[in-house]
Protein chains: 2
Amino acid sequence: MELHQLEYFVAITETGSFSRAAQRCNVAQPSLSQQIIKLEHEIGQPLFDRLGRKVVLTEVGKRLLPRANVILGELQEIKGELQTEIQAGYGNLRVGFIPTIAPFVLPLVIRRFSQEFPNATLEVHEGLTEELVQKIIDADLDVGITSLPINNKKIHTEELLVEPLLVASTQKFEIASRAVIQVKELDDFPFIALSEVHCLGEQVQSFCYQQDLELNIVCHTSQLVTVHNCIALGLGVSLVPQALAISDTSGDIIYRTVSDIAPKRKIAAATHARRNQSFLACQFIEIVRSEYPSN
Amino acid sequence: MELHQLEYFVAITETGSFSRAAQRCNVAQPSLSQQIIKLEHEIGQPLFDRLGRKVVLTEVGKRLLPRANVILGELQEIKGELQTEIQAGYGNLRVGFIPTIAPFVLPLVIRRFSQEFPNATLEVHEGLTEELVQKIIDADLDVGITSLPINNKKIHTEELLVEPLLVASTQKFEIASRAVIQVKELDDFPFIALSEVHCLGEQVQSFCYQQDLELNIVCHTSQLVTVHNCIALGLGVSLVPQALAISDTSGDIIYRTVSDIAPKRKIAAATHARRNQSFLACQFIEIVRSEYPSN
DNA sequence: CCTTTGTATAGTTTATAACTATAGACTATA
DNA sequence: TATAGTCTATAGTTATAAACTATACAAAGG
């Protein structure tokens with residue numbers, strides 16, 4: 001049984017004749033006759049009584065007709081719906097953020113995305129870069145918001161923005177009041193370090209290594225919020241993402257840029273290199289780009 | 001879009017691979033790939049992300065899958081249902097009886113048919129032979145129960161039985177008490193004639209003509225029940241169908257067979273010569289044959 | 001690095017659905 | 001009752017599309 005056979009069948013019932021049905025279907029009449037015969041053979045019973053002047057449905061034909069209409073109607077719907085649903089933002093999107101981005105960006109993005117795509121469902125994960133990468137490769141995640149670099153051929157990255165890392169300190173340390181801060185000055189103060197399991201921690205570490213800084217690390221912590229709280233208590237200074245600075249409205253901590261060689265991290269959307277990006281995924285990435293806190 | 005494309009599509013989702021799906025569908029893998037590509041072109045978007053080790057549905061694919069399953073499932077059902085519904089006696093049957101048969105046969109037949117085919121709907125018409133014939137030709141009626149002959153090439157007739165016509169009389173006329181009744185004796189008594197619009201009236205008339213009888217007709221009536229009532233009142237005698245005699249339980253009227261040359265009528269099922277007889281129609285005809293009142 | 005697994009592509013063959021032409025059956029009108 | 005007109009079915013052919021084989025190319029795993 002094939003769909004064009006059902007189309008022919010319905011056309012005959014609607015036109016009341018093989019010939020007229022053939023015209024409507026843009027085929028020759030014999031083609032149509034043969035397809036109906038095939039259909040009748042497959043069903044095992046005739047569908048029409050050919051009476052010359054008119055054709056009449058048999059009992060089997062009568063019972064097939066509404067069903068054929070349903071099938072064809074559904075198929076017609078499906079084609080349209082698939083397009084419109086996608087454009088109307090139906091669908092599911094699975095996204096992930098790394099822990100040093102999530103707190104400042106995730107809430108803003110979710111809010112905006114839910115407003116713009118109320119028909120979509122959004123699954124949000126938080127995990128370290130390598131965890132997100134593995135999920136993306138396994139197709140368990142559609143988009144990961146993380147920082148560069150990602151050295152994996154299976155991952156496609158789209159850079160969204162460059163985020164400066166700011167010196168964070170309380171007034172207790174004089175670095176907070178200097179007009180200009182140079183890289184070399186950072187090792188003059190106790191430093192609150194983020195664990196290298198985070199790419200941010202790793203990036204700060206390698207930045208300092210490149211600049212020949214030997215930091216005076218007084219604390220290693222595995223959460224950025226702990227770093228923040230330590231700074232606020234005056235235990236030391238650190239390099240933190242600008243997004244954290246922007247979202248910090250307490251006023252206890254002073255954030256300053258490094259003048260000469262600014263530490264920074266590149267924020268990117270990571271997707272599977274070989275999967276097609278869905279409409280929602282593209283839209284989501286643009287929302288992250290525009291909602292990401294920056295001055 | 002064609003059904004085998006949807007079958008391939010579903011097979012891929014279930015096996016997780018083009019190759020395995022091809023095996024299941026008993027086609028070569030390239031054939032299947034090409035059909036999926038065609039389907040994707042028609043929909044305008046890819047359905048799968050081919051990741052090498054595994055294939056993953058795209059958002060469009062995810063939304064197509066349940067619909068494809070519905071379509072294929074429905075189609076599978078339809079094939080089965082068409083067969084079983086017919087065999088389970090679903091359907092509609094439009095039947096007709098002529099007025100000189102209907103009163104004695106129709107009730108019995110309807111009762112039996114309804115019992116045997118509770119899933120069927122039965123439309124019953126009553127009309128003169130020519131009316132039934134016309135409806136059958138127009139495919140407005142499936143089966144007509146009437147008497148032969150029917151001279152119409154478009155009508156197929158199946159003889160069911162030969163019904164004797166009996167002499168009906170009250171004791172008032174001595175014909176009722178004779179041991180043997182001969183044709184020639186009929187014109188000795190007043191005769192209640194049925195109108196020739198009925199084939200029965202016509203048949204009696206032509207029977208008498210052939211036997212060189214000149215009936216002493218005292219009454220022409222257009223309903224068989226009127227004939228019956230006239231006889232019961234002793235107004236005359238008549239030739240009536242055996243079915244009437246059997247159903248007459250009053251005992252007022254004596255029914256006798258004609259010994260030498262028995263008048264009779266052939267009861268037949270008339271159907272369209274070129275239409276296929278439905279299962280229900282065949283069953284109905286057999287029920288008429290077996291339920292028709294006879295000694 | 002090589003083998004294995006998997007999909008896509010190219011080229012060919014087969015199968016099927018299209019076509020043309022015409023037969024055969026019926027309707028309607030002269 | 002002829003006869004033209006209107007159907008569907010059949011026969012034979014062509015064209016299309018779906019199948020196949022062989023192979024290229026990419027990725028994963030030992």
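So that the names make sense, note that chain A is the first sequence line, chain B the second, and so on, each numbered from 1.
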[X] side chain near [N] phosphate (N/O to OP1/OP2, under 4.0 Å):
X	N	answer
K54(B)	dT5(C)	no
Y8(A)	dT8(D)	no
K38(A)	dA17(C)	yes
R50(A)	dC7(D)	no
S19(B)	dT7(C)	yes

When rounded to the nearest 0.5 angstrom, what is the spacing between [atom1] in [X] and [atom2] in [Y]?
X	Y	atom1	atom2	value
L64(B)	I43(B)	CG	CD1	5.0 Å
L32(B)	Q23(B)	CG	CD	11.0 Å
L106(B)	H125(B)	CG	NE2	11.5 Å

Protein-nucleotide distance ([X], atom [atom1]; [N], atom [atom2]), rounded to Å:
X	N	atom1	atom2	result
F9(B)	dT7(C)	CZ	P	15 Å
Q134(A)	dA28(D)	CD	P	11 Å
E7(A)	dA18(C)	CD	P	10 Å
M1(B)	dA17(D)	CE	C1'	18 Å
R274(B)	dA25(C)	CZ	P	9 Å
L51(B)	dT5(C)	CG	P	19 Å
L39(A)	dT16(C)	CG	P	16 Å
D49(B)	dA27(D)	CG	C1'	15 Å

Next item on the list: Answer yes or no: is there a side-chain heavy-atom contact under 4.5 Å between R265(B) and V204(B)?
Entry: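 R265(B) does not reach V204(B) side chain to side chain.
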Note to self: Is any side-chain heavy atom of L51(A) closer than 4.5 Å to one of H272(B)?
What the structure shows: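 Heavy-atom side-chain distance check passes, below 4.5 Å.
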Check: Among dT9(C), dA17(C), dA28(D), which nucleotide sits nearest the side chain of I37(B)?
Finding: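 Comparing dT9(C), dA17(C), dA28(D) against the side chain of I37(B), the answer is dT9(C).
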Note to self: I want to confirm an ordering. Mapping Q35(A) and V55(B) to their closest nucleotides on DNA chain C, which one lands closer to the 5' end?
What the structure shows: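 Closest to the 5' end, via its nearest nucleotide, is V55(B).
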Checklist line | Distance-minimising heavy-atom pair for S222(A) and L194(A) | finding: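 That closest heavy-atom pairing would be C-CD1, 3.9 Å.
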Item checked: Between S33(A) and Q29(A), a side-chain donor and acceptor under 3.5 Å ->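 Looking only at side-chain atoms, Q29(A) and S33(A) do form a donor-acceptor pair, the distance falling under 3.5 Å.
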Notebook entry, point to check: Heavy-atom contacts under 4.0 Å between residues 11-18 of chain A and DNA chain D, which residues?
Noted result: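 Per residue number, the list reads S17(A), F18(A).
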Next item on the list: For DNA chain D, find the residues of residues 20-34 of chain A with a heavy-atom distance under 4.0 Å and give them by number; none if there aren't any.
Entry: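 DNA chain D contact set from residues 20-34 of chain A: R20(A), Q29(A), P30(A), S33(A).
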Margin query: Under 6.0 Å between ring centres: does that hold for F284(B) and F117(B)?
Written below: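 No, the ring centres sit 6.0 Å or more apart.
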Margin query: Would you say the rings of Y8(B) and F18(B) are close, in the sense that their centroids are separated by under 6.0 Å?
Written below: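 Here the rings of Y8(B) and F18(B) have centres that are no less than 6.0 Å from each other.
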Check: Should we say atom CD of E130(A) is surrounded by more than 12 heavy atoms from elsewhere, each under 6.0 Å from it?
Finding: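 Count not over threshold, so no.
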